[in-house]
Number of protein chains: 2
Amino acid sequence: MTTLSDVAKKASVSKMTVSRVINHPQQVTPELRKIVEQAMEQLNYHPNSVASALAHHRTNVVKLVILEDIDTTEPYYMNLLFGIASGLGKKHYALQLATDSEVSGGDGYIITGGRANDAKWLDQLNKPFVLFGENRYGYDFIDTDNKLGEQIATQYALDKNYQSIVFIGIDEKEPFEYSREAGYINTLQKHNMIPKIFRIQNHSSLAEKLIISNWKKFAPNTCFICASDRIAVGVVRAIQRKNGNIPRDFGIIGFDGVFLDQVSNPKLTTIKQNLFKLGELLAEMILQKIQQGGAQQGEVLIEPELIKSESTRN
Amino acid sequence: MTTLSDVAKKASVSKMTVSRVINHPQQVTPELRKIVEQAMEQLNYHPNSVASALAHHRTNVVKLVILEDIDTTEPYYMNLLFGIASGLGKKHYALQLATDSEVSGGDGYIITGGRANDAKWLDQLNKPFVLFGENRYGYDFIDTDNKLGEQIATQYALDKNYQSIVFIGIDEKEPFEYSREAGYINTLQKHNMIPKIFRIQNHSSLAEKLIISNWKKFAPNTCFICASDRIAVGVVRAIQRKNGNIPRDFGIIGFDGVFLDQVSNPKLTTIKQNLFKLGELLAEMILQKIQQGGAQQGEVLIEPELIKSESTRN
DNA sequence: TTGTACGCGTTATCAC
DNA sequence: GTGATAACGCGTACAA
């Protein structure tokens, strides 16, 4: 294993010069820099991040804290996780998972699944953290642009000439849901239409029951804007049981675009979250926050993508 | 942050004695040990694993290498990942993900999604590794007992008095599939019944097409043993489209028991893999292998569990 | 701009 | 059985 000293010898400079070439390149003259860089090339030198971490009183580990129940974990966490791992890996950081709130170790946290009543717990954290998911308490976060997503969905339903646009939401008093509903409501209002909103817990079977028990309220030519693909799948099943025609008489638009939309039949038109990118950005944000000693990072909303598929008219 | 030296001072011993109390307790007399342990308690001392790693020329990081395409990644990876992370965390190890074969860094690898033609690549690895998933080249691995799983499934179908038992397999020439088929075949042979096997790629829509285009071959009173829940979902849809009665005339048993079985309607009877435990064992195995300098660890098969649900007679 | 000396927290080695 | 010393590889503080 080649070390800083090896490079220093080869380049006939001190270790510090080599260290500076790596961490503060501007502090060293271009000529010396070239020589050192060549030496690093020839020796195939890679900094030992463990030693670096020790000197910096760091661990080079970021913890991912998942506050939701693991059993309800959506498959889309996979993509998020891969994104995070990818972003961390680029900076030679590693990942640890924590499913409860007993966190310790690590240089910072990425926290997901937090709800409104987790605020007190967050406030007592003594290390930098960023959240995955909207919040309105001023914590740094990254999320899909939920409002924009449902705006796009609702507008698309209108473009496809569905006369009635119904929203099936998730029955949780959380910002992400408010934002999704707001996107739907705004777009309808813009066209002088009156919102119709139903809310249930995020389970396909509950969605199925909801639609069936309210079936007479839904005339043909209705499009359902669903706050999740899970719900959308349930709506599809209900319509099929009622022998409704998809997509001619009934349209369905989901939200998430991970796995479930593909397994569904018909495949779902959905608002796809770019979870991988989101994960990468989360990693970059927490790493930057760590490096900056905990400085505020702000909020970032990622634009989702409309996937046009078989559950709406084409 | 309290260090080894702090404890040493408090206990009036040398740092080495403290270190030994932690790593080689037998080498220190019981009396001294007590004193040191009390000092550690009072100072709430926790070893700095980064410093330890540096001294050991380690990174305290294990890499998870996923050789499958990330887009086809099944949601069950989540549970595996959580298990791995849990197992690593107990020993203060962290995780890095790698989705291609360009691995570097880390003290060892957990490799998943490997296929037969990855053997040459594995052989050139210069760090300890263990595999998730059966192989027949002598590499250390952990997997669900696939054969046993389908034995249980097939026997259950027989117990429920389905007259015809059909196997819908995954069209891959890999040990896990051979094992699953073997479990099915063995159990049928034991009852002097002739196996009927179909194979397709692991997609629900392909399963659906397969069943529909062969519909006349399946008389009522048939149970489909499926090599995955994805396939099972497709089979369910096909039967429903043909207006077959589930579970009276047609039974379906899946494999995996992660997410999809719950979202399906009817919910699937399935062979549930204990992926979390599997992940924990993978972590323990690779950690032990690292500690033992790469010593052979052997093979471990984990017993799966039959989940009785709505897609078979009760 | 560049180099020297030392510290980060732990462990291995070799004395006693 | 226990302790002093050096070493792991890198970074900071200060001096040159």
Side-chain angles (χ1 to χ4, degrees), chain A residues 1-40 43-61 91-94 104-107 290-293, chain B residues 1-37 39-40 43-61 91-94 104-107 290-291 293:
Chain A
M1 185 198 312
T2 110
T3 78
L4 210 61
S5 306
D6 299 332
V7 178
K9 261 180 223 157
K10 176 118 186 165
S12 309
V13 297
S14 76
K15 297 193 301 181
M16 269 321 298
T17 304
V18 181
S19 176
R20 279 195 264 261
V21 168
I22 297 168
N23 301 306
H24 311 282
Q26 307 103 334
Q27 297 182 12
V28 57
T29 54
E31 308 94 55
L32 255 190
R33 203 189 306 168
K34 288 270 183 262
I35 298 177
V36 171
E37 281 167 349
Q38 285 176 10
M40 298 198 304
L43 273 53
N44 189 30
Y45 170 73
H46 292 288
N48 181 325
S49 57
V50 175
S52 169
L54 178 62
H56 278 137
H57 299 279
R58 296 244 182 84
T59 64
N60 277 12
V61 168
K91 300 280 167 45
H92 299 285
Y93 259 69
S104 69
D107 300 334
I290 290 168
Q291 197 201 340
Q292 296 178 350
Chain B
M1 185 199 312
T2 109
T3 77
L4 207 62
S5 305
D6 300 331
V7 178
K9 262 179 222 154
K10 177 119 185 165
S12 308
V13 296
S14 76
K15 298 194 298 182
M16 270 320 296
T17 302
V18 181
S19 177
R20 278 196 265 260
V21 168
I22 298 169
N23 301 304
H24 310 284
Q26 308 103 332
Q27 297 183 11
V28 56
T29 54
E31 307 94 56
L32 255 190
R33 204 189 307 168
K34 286 269 182 267
I35 298 177
V36 171
E37 281 167 349
M40 298 198 307
L43 273 52
N44 188 29
Y45 169 72
H46 292 289
N48 181 326
S49 57
V50 175
S52 170
L54 178 61
H56 277 135
H57 300 281
R58 294 245 183 83
T59 64
N60 277 13
V61 168
K91 299 279 166 47
H92 300 285
Y93 259 70
S104 68
D107 300 335
I290 290 169
Q291 198 200 339

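A note on names: the letters A, B, ... follow the listed sequences, proteins ahead of strands, and every chain is numbered from 1. Because the structure is predicted, anything quoted here is derived from the model rather than measured.
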Engineer: Closest approach of Thr59(A) and Gly106(A), non-hydrogen atoms and distance?
Structural biologist: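 Closest approach of Thr59(A) to Gly106(A): OG1-CA, 3.4 Å.
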Engineer: Which pair of non-hydrogen atoms, one from Val50(B) and one from Arg58(A), has the smallest distance, and what is that distance?
Structural biologist: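 In terms of heavy atoms, the two residues are closest at CG2-O, 3.5 Å.
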Engineer: For residues 29-38 of chain A, which residues have at least one heavy atom under 4.0 Å from DNA chain C?
Structural biologist: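 Result for residues 29-38 of chain A: Thr29(A), Leu32(A), sorted by number.
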Engineer: Which pair of heavy atoms, one from Asn60(B) and one from His92(B), lies closest together, and at what distance?
Structural biologist: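 Shortest heavy-atom contact: ND2-O, 3.8 Å.
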Engineer: Could I get the full list of side chain to side chain donor-acceptor pair (under 3.5 Å) partners for Lys10(B), not counting sequence neighbours?
Structural biologist: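 For Lys10(B) the side chain to side chain donor-acceptor pair (under 3.5 Å) partners, ignoring immediate neighbours, are Gln42(B).
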Engineer: Decide yes or no on side chain to side chain contact (heavy atoms under 4.5 Å, CB included) for Leu4(A) and Ile22(A), but give the supporting numbers first.
Structural biologist: CA-CA 10 Å; Leu4(A) 210 61; Ile22(A) 297 168; 4.1 Å; yes
Engineer: Only counting residues at least two apart or in another chain, list the ones meeting side chain to side chain donor-acceptor pair (under 3.5 Å) with Asn48(B).
Structural biologist: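 Expected list: none.
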Engineer: Verify the neighbour count for atom CD of Gln291(A): are there more than 12 heavy atoms of other residues, nucleotides or ligands below 6.0 Å?
Structural biologist: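 Incorrect, the count does not exceed 12.
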Engineer: Taking any atom closer than 4.0 angstrom to a non-hydrogen atom of chain A, what span of DNA chain C does the protein reach, first nucleotide to last?
Structural biologist: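 It runs dT1(C) to dG9(C).
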Engineer: Closest heavy-atom contact between Asp6(A) and Met1(A)?
Structural biologist: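 Looking at all heavy atoms of both residues, the closest pair is OD2-O, 3.9 Å.
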Engineer: Determine the contact category for Val50(B): base if any of its heavy atoms lies under 4.0 Å from a base atom, sugar-phosphate if only primed atoms, P, OP1 or OP2 are that close, otherwise nothing.
Structural biologist: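 Here Val50(B) touches no strand at all.
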Engineer: Please find the pair of heavy atoms, one from Thr3(A) and one from Tyr45(A), that lie closest to each other, and give the distance.
Structural biologist: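 Smallest heavy-atom distance, with atoms named: C-CE1, 3.5 Å.
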Engineer: Using rotation axes that map the C1' atoms of four end pairs onto the next four (five pairs an end), what angle separates the end axes of the helix from dT1(C)-dA16(D) to dC16(C)-dG1(D), to 10°?
Structural biologist: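 The value is 40°.
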Engineer: Between dT2(D) and Ser14(B), is there an OP1 or OP2 to side-chain N/O distance shorter than 4.0 Å?
Structural biologist: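 Answer is no, no contact under 4.0 Å.
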Engineer: Please encode protein proximity along nucleotides 5-16 of chain D as a string of B, S and -, counting only heavy-atom distances under 4.0 Å.
Structural biologist: ---BBBSB----
Engineer: With side chain to side chain contact (heavy atoms under 4.5 Å, CB included) as the test, would you mind laying out the steps for Leu32(A) and Thr17(A) before giving the verdict?
Structural biologist: CA-CA 8 Å; Leu32(A) 255 190; Thr17(A) 304; 4.1 Å; yes
Engineer: Can you name the nearest heavy-atom pair linking Leu43(B) to Thr2(B), along with the distance?
Structural biologist: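 Shortest heavy-atom separation between Leu43(B) and Thr2(B) comes out as O-CG2, 3.1 Å.
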